[in-house]
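Inspection log for the structure reproduced underneath, given as structure tokens.
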Amino acid sequence: HAQAADSPDEAVAEQLAIVGARAESRGGHEAAASAYARAAELSTSDALRAHRLFTAARNAYAAGLAERADALLETARPMADERPLRAGIDRLRGRIEVAAGSAVDAHRIFITAARDVAEASPVQALEMAAYAGVLRSHGIDSGATLPPGTLTTEIAPEEPPRVRCLKLLAETTNREAVHDWG
């Protein structure tokens with residue numbers, strides 16, 4: 001059906017997304033990336049297209065295809081209206097930059113993404129800030145910063161362990177970067 005489709009067809013796109021999910025669940029990341037990418041081509045809305053391109057990129061990266069993943073992300077980002085989706089795209093862009101590009105650019109991407117998503121998704125923002133903090137603690141600094149008060153690293157006992165861990169990581173890497181050993 002996907003090969004025969006010559007225009008957007010959401011029913012076929014949805015079937016391909018299911019094929020992609022099945023391939024991904026079995027570790028077939030390259031096949032999943034191809035299925036999701038074709039599903040994106042056949043999608044009837046930019047929102048669905050952006051989600052499917054992001055999922056294709058995530059799978060391409062997992063398959064070791066960083067350049068393909070980066071190209072898919074470049075296509076997806078302008079279509080992504082949801083801040084959390086854009087942050088997910090930027091997080092993967094930053095990870096690709098760390099692995100195969102410029103760590104300085106990755107730092108800037110993480111800081112910008114954290115700032116952009118802080119209000120809509122504080123945990124995502126915290127994750128980006130932690131990535132940027134780790135880079136900064138290793139001497140990699142783009143000069144980009146989060147405005148004061150963007151995120152809180154104060155720990156509340158009722159928070160999930162992952163959130164507490166991210167807050168501690170963000171706080172300690174920021175302190176380490178300025179040699180605040182206390």
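- The heavy-atom pair separating Arg68 from Ala37 by the smallest distance is NH2-CB, 4.1 Å.
- The side-chain heavy atoms of Arg77 and Asp90, taken from C-beta on, include a pair separated by under 4.5 Å.
- The main-chain N or O of Ala40 is found under 3.5 Å from a side-chain atom of Arg49 such that the two form a donor-acceptor pair.
- Of the possible donor and acceptor atoms, none in the side chain of Glu30 sits under 3.5 Å from a partner among the backbone N and O of Ala63.
- With hydrogens and angles ignored, the 3.5 Å screen pairs no side-chain donor or acceptor of Thr112 with any backbone N or O of Ile109.
- Proximity of Arg136 to Val178: side-chain heavy atoms (C-beta onward) are separated by under 4.5 Å at one or more points.
- Counting only heavy atoms from C-beta outward, the side chains of Asp141 and His107 approach each other to under 4.5 Å.
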(message) I'd like to know whether Met128 forms a side chain to side chain contact (heavy atoms under 4.5 Å, CB included) with Ser121, so could you lay out the CA-CA distance, the side-chain angles of the two residues, the decisive distance to 0.1 Å, and finally the verdict.
(response) CA-CA 11 Å; Met128 308 290 184; Ser121 182; over 6 Å; no
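- Counting heavy atoms of neighbouring residues, nucleotides and ligands inside a 6.0 Å radius, atom CD of Glu41 exceeds 12 of them.
- A distance of 11.0 Å separates CZ of Arg58 from CG of Leu73, quoted to the nearest 0.5 Å.
- No side-chain heavy atom of Gln124 sits under 4.5 Å from any side-chain heavy atom of Arg86.
- Both Leu151 and Ile111 are part of a single hydrophobic cluster, where members link through side-chain heavy atoms under 4.5 Å apart.
- Using a 4.0 Å cut-off between charged nitrogen and carboxylate oxygen, Glu97 and Arg93 do not count as a salt-bridge pair.
- No side-chain heavy atom of Asp46 sits under 4.5 Å from any side-chain heavy atom of Asp81.
- By the 4.5 Å heavy-atom criterion applied to side chains, Val19 and Gln15 are not counted as neighbours.
- Annotation for Arg164: atom CZ counts as buried by contact number, over 12 foreign heavy atoms lying within 6.0 Å.
- Considering every non-hydrogen atom in both Thr150 and Ala118, the closest pair reads CG2-CB, 3.5 Å.
- Here the OG1 atom belonging to Thr152 is positioned 9.0 Å from the CD atom belonging to Glu171, to the nearest 0.5 angstrom.
- Here the straight-line distance linking atom CZ of Arg52 with atom OG of Ser45 works out to 7.5 Å at 0.5 Å rounding.
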(request) Given side chain to side chain contact (heavy atoms under 4.5 Å, CB included), test Leu126 with Val163 step by step and report yes or no. (result) CA-CA 8 Å; Leu126 195 54; Val163 172; 4.2 Å; yes
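- Connection of Leu85 to Ile96 is established within a shared hydrophobic cluster, with ILVMFWY side chains joined at heavy-atom distances below 4.5 Å, either directly or through further cluster members.
- Contact of the Tyr36 side chain with the Glu24 side chain is registered, since non-hydrogen atoms from C-beta on lie closer than 4.5 Å.
- Two residues are said to be in side-chain contact when any heavy atoms from C-beta on lie closer than 4.5 Å; Val123 and Glu127 fail this criterion.
- Taking hydrophobic clusters as Ile, Leu, Val, Met, Phe, Trp and Tyr residues chained together by side-chain heavy-atom distances below 4.5 Å, Ile140 does not share a cluster with Val134.
- Residues Leu16 and Leu72 are members of separate hydrophobic clusters, defined by side-chain heavy-atom contacts under 4.5 angstrom among Ile, Leu, Val, Met, Phe, Trp and Tyr.
- Here the closest non-hydrogen pair linking Ala57 and Ala69 is O-CB, 3.3 Å.
- The line from OG of Ser34 to NE2 of His29 is 13.0 Å long, rounded to the nearest 0.5 Å.
- Counting non-hydrogen atoms of neighbouring residues, nucleotides and ligands closer than 6.0 angstrom, the CD atom of Glu119 reaches no more than 12 such neighbours.
- Not one N or O on the side chain of Tyr61 forms a donor-acceptor pair closer than 3.5 Å with the backbone of Asp70.
- Nearest heavy atom pair, residue Ala33 against residue Asn59, reads N-CB, 3.8 Å.
- In plain terms, the two heavy atoms of Ser43 and Ala39 that are nearest each other are OG-O, 2.7 Å.
- For the atom pair CD1 of Ile89 and OG1 of Thr75, the computed distance is 10.0 Å after rounding to the nearest 0.5 Å.
- In this structure, Ile18 CD1 and Glu14 CD are separated by 4.5 Å, a value rounded to the nearest 0.5 Å.
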(request) Show the numbers, then the answer: is there a side chain to side chain contact (heavy atoms under 4.5 Å, CB included) between Glu154 and Glu159? (result) CA-CA 11 Å; Glu154 188 174 311; Glu159 290 175 320; over 6 Å; no
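- For Glu67, the CD atom sits in a loose shell: 12 or fewer heavy atoms of surrounding residues, nucleotides or ligands are nearer than 6.0 Å.
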